[in-house]
Number of protein chains: 2
Amino acid sequence: MRLAADDRRAALVQAALTVIARDGVHAATTRAIVAEAGMSLASFHYAFRTRDELIREVITFVVDQQEFVSRAALEPAGDVLAMVRGALQAYFDLLREHPEREQAMFELMHYSMRSPELGKLPPIQHGSYLTAGRTLIEAGGELLGIEWTLPIDDLARLLVALTDGLTYAWLADRDDAAAGRLMDSIASTISTFAHSTEKARR
Amino acid sequence: MRLAADDRRAALVQAALTVIARDGVHAATTRAIVAEAGMSLASFHYAFRTRDELIREVITFVVDQQEFVSRAALEPAGDVLAMVRGALQAYFDLLREHPEREQAMFELMHYSMRSPELGKLPPIQHGSYLTAGRTLIEAGGELLGIEWTLPIDDLARLLVALTDGLTYAWLADRDDAAAGRLMDSIASTISTFAHSTEKARR
DNA sequence: AGCTGACTGGGACACTTGACCCACTTCTAA
DNA sequence: TTAGAAGTGGGTCAAGTGTCCCAGTCAGCT
């Protein structure tokens, strides 16, 4: 049954992600990972040749995963400000609920940057963030009948930078109130670049 | 000669920073550090009880260091946009010249977050960023005779988030042109919150 | 000169980690 | 039912790592 091999690989990737989120990349040893997955070391090296191969799979997995995230909640709201603020809040709630997850993303990115073999992944990961931001902005614009006074590409870049900054700030100081104010600023920043062309909806 | 002890500690901190910047936090083993410093292992444990003690000193060092940075270039310019853009460019040039340094800052921050003993440092580090941003904004405001339509605190937070995002984005994709456009967006974002009250200078 | 205490070199120890391996079990398919 | 492949358990190995120790050196003071 050749599929089982893939299943085991997937299980190990999942276990590795759990360990990384809980204890950090440096703690994601082969033994810790197989313990999390409830396997023996032999099974690990049956599924993966080396630990790096596993880590590489973990990273490509989370990069692919990114595509699906944030495709979600984009509540239609009265105006741009409210909509952006709402989307930010949705993201922030997710972050507050699973800080380790975002932390793991950051750590994995830094890990890739240090590895000559995985070095090409960070731009890809960041690129997927950018396209996510772009589709979000386009969707929002259409939803509200709005044109942007900045190229979508640049706007997406700005949004991603702001989101990263928000994430980083909150991870560092865990100040909910400050994060809230920052989200307000971000929302008003983004709406600055909105220009309603069509008739206001209803 | 009791001073030599502090000198050696300082030398080891410096060597550790070099190693961390070059090879990452995980590669900063006691042996790698003393090799960089040209000492023997015994000297290390004569100066520091444990490796964690050294790392802690490294982190507090870079946090303190932060205070002095960015106190620098704030060229007076014609308007807010040009001034902000100039300051960003100055920072970016620094980043481009020593990417490993900023990368090391990030890694050290994540390292602290994982350590129960060092866990209180990230908020402090981030706080020092914030005060740096605040003084920068205040100085810029005075220089151009400008009032901000947002509390300085919130504006500083926004600026720091944007700078972090810029840093992160460039570290990830090394796209100079995109970074330039992002800095344009940031500059125009910040100047949105400027409100010239006094007469235009000269 | 001799002594004391700061400092160092080199080795050692206990432990972790990635990788591997061989005998053994379990399941599938003929 | 049985051969053979898929999968596993447990042990092993070499490299690396943090920590410690002990015999020695060297500088400064009496």
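Convention: sequence-line order gives letters A, B, ...; per-chain numbering from 1. Atom set for the values below is all heavy atoms of this structure, side chains included, hydrogens, waters and symmetry mates excluded.
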Nearest-Å distance for atom pair [atom1]/[atom2], residues [X] and [N]:
{"X": "Phe44(A)", "N": "dC20(C)", "atom1": "CZ", "atom2": "P", "result": "11 Å"}
{"X": "His26(A)", "N": "dG18(C)", "atom1": "NE2", "atom2": "P", "result": "12 Å"}
{"X": "Arg49(B)", "N": "dC21(D)", "atom1": "CZ", "atom2": "C1'", "result": "16 Å"}
{"X": "His45(B)", "N": "dA6(C)", "atom1": "NE2", "atom2": "C1'", "result": "18 Å"}
{"X": "Leu12(A)", "N": "dG18(C)", "atom1": "CG", "atom2": "C1'", "result": "15 Å"}
{"X": "Met39(A)", "N": "dG18(C)", "atom1": "CE", "atom2": "P", "result": "16 Å"}
{"X": "Asp52(B)", "N": "dT17(D)", "atom1": "CG", "atom2": "P", "result": "16 Å"}
{"X": "Tyr46(B)", "N": "dG9(C)", "atom1": "OH", "atom2": "C1'", "result": "15 Å"}

Side-chain donor-acceptor pairs under 3.5 Å in residues 26-43 of chain A, sequence neighbours left out?
from, atom 1, to, atom 2, distance (Å)
Thr29(A), OG1, Ala32(A), N, 3.1
Glu36(A), OE1, Arg22(A), NH1, 3.1
Glu36(A), OE1, Arg22(A), NH2, 3.2
Ser40(A), OG, Ala42(A), N, 3.4
Ser40(A), OG, Ser43(A), OG, 3.4

Residue whose nearest DNA chain C nucleotide is more 5′ - Ala28(A) or Ala42(A):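 Residue closer to the 5' terminus by nearest nucleotide: Ala28(A).
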
According to a strict under-4.0 Å criterion, is [X] in side-chain N/O contact with OP1 or OP2 of [N]?
{"X": "Ser43(B)", "N": "dC7(C)", "value": "no"}
{"X": "Arg51(B)", "N": "dT19(D)", "value": "no"}
{"X": "Arg8(A)", "N": "dT8(D)", "value": "yes"}

Could you tell me whether Asp23(A) and Arg114(B) have a side-chain N and a carboxylate O separated by less than 4.0 Å?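 Salt bridge between Asp23(A) and Arg114(B), a charged N being under 4.0 Å from a carboxylate O: no.
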
I'd like to know if the side chain of Ser115(A) reaches the main chain of Ser112(A), judged simply by a donor and an acceptor atom lying under 3.5 Å from each other, with no hydrogens or angles considered.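 Absent.
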
Evaluate side-chain contact (heavy atoms from CB on, under 4.5 Å) for Leu155(A) paired with Leu159(A), printing each intermediate quantity in order. CA-CA 6 Å; Leu155(A) 204 50; Leu159(A) 180 62; over 6 Å; no

Counting only distance, no hydrogens or angles, is the base of dG18(C) paired donor-acceptor with the side chain of Arg31(A) under 3.5 Å?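 In this structure, the two groups form a donor-acceptor pair.
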
Contact class for Ser40(B) (heavy atom, under 4.0 Å): base, sugar-phosphate, or nothing?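 Ser40(B): base contact, heavy atoms under 4.0 Å.
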
Give the ring-plane orientation class for Tyr168(A) versus Tyr168(B), where under 30° counts as parallel, over 60° as perpendicular and anything between as tilted.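 Tyr168(A) and Tyr168(B): tilted rings.
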
